[in-house]
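Excluded from the calculations below are hydrogen atoms, water molecules and symmetry mates; all remaining heavy atoms, backbone and side chain alike, are included. Read the numbers this way: they start at 1 and go in the same order the structure lists the ligands and their atoms.
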Amino acid sequence: MKAVAKMRREPGLDVIEIEPDTISENEVLLRMRAASICGSDLGFYNYTPAYQRFAKVPTIMGHEFAGEITETGKNVRDFVIGDRVSVESVLYCGKCKFCRSGTTNICQNFTVFGMHRNGAFAEYVAVDQKYLHRIPKEISFLEAGVVEPLSVVVNAFEDVAAPIRTGDTACVIGPGPLGLFSAEVLRSKGVRDLLILGIDMDEYRLQLARDKLSHEALSTESADPTERKNLITEGYGFDAVVVSAGSPAALKSAIPLASKGGQIIVIGIFPEDVSLPASDLVRRQISLRGSYGSAWKHYEEAIRLLKHKLVRAEAIVSHQFSLDQGEEAFQMAKAKTGSKIQFKN
Ligand SMILES: [Zn+2]
Ligand SMILES: [Zn+2]
């Protein structure tokens with residue numbers, strides 16, 4: 001089969017021919033139908049120091065995926081050949097304190113598909129049945145291929161953030177797929193006054209947010225967000241500020257945008273440490289919350305949101321590529337001239 005893999009300890013990727021992994025008794029073999037490129041895949045592609053430490057080479061990349069079951073191991077009872085499924089990205093131990101309390105996303109001993117074991121940018125992938133979520137017929141494979149990133153946003157708003165109320169104001173910094181999914185989920189919770197911020201390089205994504213999702217979106221390099229903030233929030237600042245961009249400047253800019261008593265929810269991953277005006281956070285009673293990954297129930301909620309068209313994933317997935325076009329797909333992800341980019345098979 002064809003696969004997009006990290007074969008060398010240097011920036012780049014290889015499109016390879018390889019036999020599919022053989023399945024164990026608790027696993028199924030999936031024919032991949034949609035697998036999305038994540039910011040972390042790009043970090044692995046670029047082979048930044050963080051990923052030199054974190055990920056394993058050689059590995060087939062990809063952890064955000066959906067497919068169709070083509071083979072089942074002998075202990076698999078709940079799924080049959082032909083079932084359509086989305087897959088969890090974090091492989092958890094099931095034994096540590098966090099797994100036992102249901103927060104498998106912060107498992108003490110976790111590994112990730114496409115980083116530590118063969119992932120989804122391949123024609124076929126072997127998956128343990130415990131990571132499978134059934135996809136109803138109302139959801140296309142394109143949509144099923146973003147259940148994972150959407151579930152990350154669901155975790156942030158359902159379990160990490162203080163409750164979001166109808167009529168709250170919100171600002172999303174970073175118009176990448178996680179930012180756009182955040183805006184969609186906030187909207188589904190009754191947030192109407194919402195501002196998406198990016199930089200000039202994000203123009204494609206800002207435009208997409210405006211044209212296809214009808215959100216207000218602007219570049220902070222071309223317009224001053226303070227004026228918009230004051231107008232939207234009557235000078236108070238936003239009740240919730242989401243930082244989905246992994247840039248230190250984005251996180252710093254969140255503090256003056258937040259209301260007194262408000263919250264900043266951080267889902268971006270940063271390449272370096274960030275210094276913050278801590279006393280300002282304290283005196284204005286702003287809470288800063290980090291949110292990472294997602295667990296079983298967040299996948300189920302993401303599937304529900306997609307099923308009822310409460311999140312417009314078809315607008316957020318901008319391009320699909322074949323596995324042969326691995327390099328081209330990653331070049332586009334790097335240049336940010338698309339939004340969510342997927343492989344299909
Ligand atoms: Zn991801
Ligand atoms: Zn664990």
Side-chain angles (χ1 to χ4, degrees), residues 4 6 13 32 34-46 48 50-51 54-56 59-67 86-122 125 127-128 130-131 133 142-156 160 174-182 185 205 242-246 266-271 290-299 302 311 313 316-318 329-330 333-334 336 338-343:
V4 174
K6 190 82 187 167
L13 58 76
M32 181 276 275
S36 303
I37 298 180
C38 172
S40 63
D41 296 319
L42 200 54
F44 193 19
Y45 172 91
N46 289 329
T48 58
Y51 288 93
F54 182 67
K56 181 183 141 277
T59 309
I60 297 173
M61 302 165 83
H63 61 270
E64 303 180 352
F65 63 111
S86 277
V87 185
E88 295 187 32
S89 58
V90 170
L91 305 156
Y92 51 85
C93 77
K95 297 187 179 81
C96 73
K97 166 177 148 179
F98 305 107
C99 284
R100 281 184 278 124
S101 66
T103 48
T104 55
N105 51 308
I106 48 171
C107 169
Q108 196 81 322
N109 310 301
F110 81 97
T111 54
V112 182
F113 272 112
M115 296 274 169
H116 306 102
R117 54 148 288 175
N118 281 339
F121 296 162
V125 51
V127 180
D128 190 292
K130 74 177 179 175
Y131 300 117
H133 294 259
L142 177 147
E143 294 171 299
V146 296
V147 164
E148 195 269 359
L150 179 56
S151 74
V152 168
V153 169
V154 168
N155 178 31
V160 177
L178 286 180
L180 297 179
F181 283 129
S182 296
V185 171
R205 292 156 174 202
V242 182
V243 181
S244 50
V266 187
I267 51 182
I269 300 277
F270 302 86
S291 185
Y292 184 71
S294 53
W296 175 266
K297 62 180 175 177
H298 308 121
Y299 284 84
V311 168
I316 294 173
V317 176
S318 63
F330 271 82
K334 202 170 168 177
K336 298 189 184 182
S339 175
K340 196 60 164 167
I341 296 167
Q342 264 182 0
F343 289 107

Tell me whether the rings of Phe110 and Phe54 are parallel (<30°), tilted (30 to 60°) or perpendicular (>60°).
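Ring orientation of Phe110 relative to Phe54: tilted.
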
Should the pair Phe330 and Tyr45 be assigned to parallel (<30°), tilted (30 to 60°) or perpendicular (>60°) ring geometry?
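Aromatic pair Phe330/Tyr45 classed parallel.
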
Phe343 versus Ile37: any side-chain heavy-atom pair under 4.5 Å?
yes

State, yes or no, whether a side-chain contact exists between Leu13 and Phe121 at a heavy-atom distance under 4.5 Å.
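The answer is no, as the side chains (C-beta and beyond) never meet within the 4.5 Å cut-off.
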
For the pair Tyr92 (side chain) and Thr103 (backbone), establish whether a donor and an acceptor sit closer than 3.5 Å, ignoring hydrogens and angles.
no

Between Ser36 (side chain) and Gly145 (backbone), is there a donor-acceptor pair under 3.5 Å?
yes

One checks the Zn ion (ligand 1) and counts protein N, O or S atoms under 2.8 Å, reaching 3

Applied to residues 97-119, the salt bridge (charged side-chain N to carboxylate O under 4.0 Å, His left out) test, sequence neighbours excluded, yields Glu27-Arg117

What residue pairs, at least two apart or across chains, pass salt bridge (charged side-chain N to carboxylate O under 4.0 Å, His left out) with a residue in residues 142-155?
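Qualifying pairs, neighbours excluded: Glu143-Lys309.
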
Tally, protein N/O/S atoms nearer to the Zn ion (ligand 2) than 2.8 Å
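If we list every protein N, O or S atom nearer than 2.8 Å to the Zn ion (ligand 2), we get 4.
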
Lys297 atom NZ, over 12 foreign heavy atoms within 6.0 Å
no

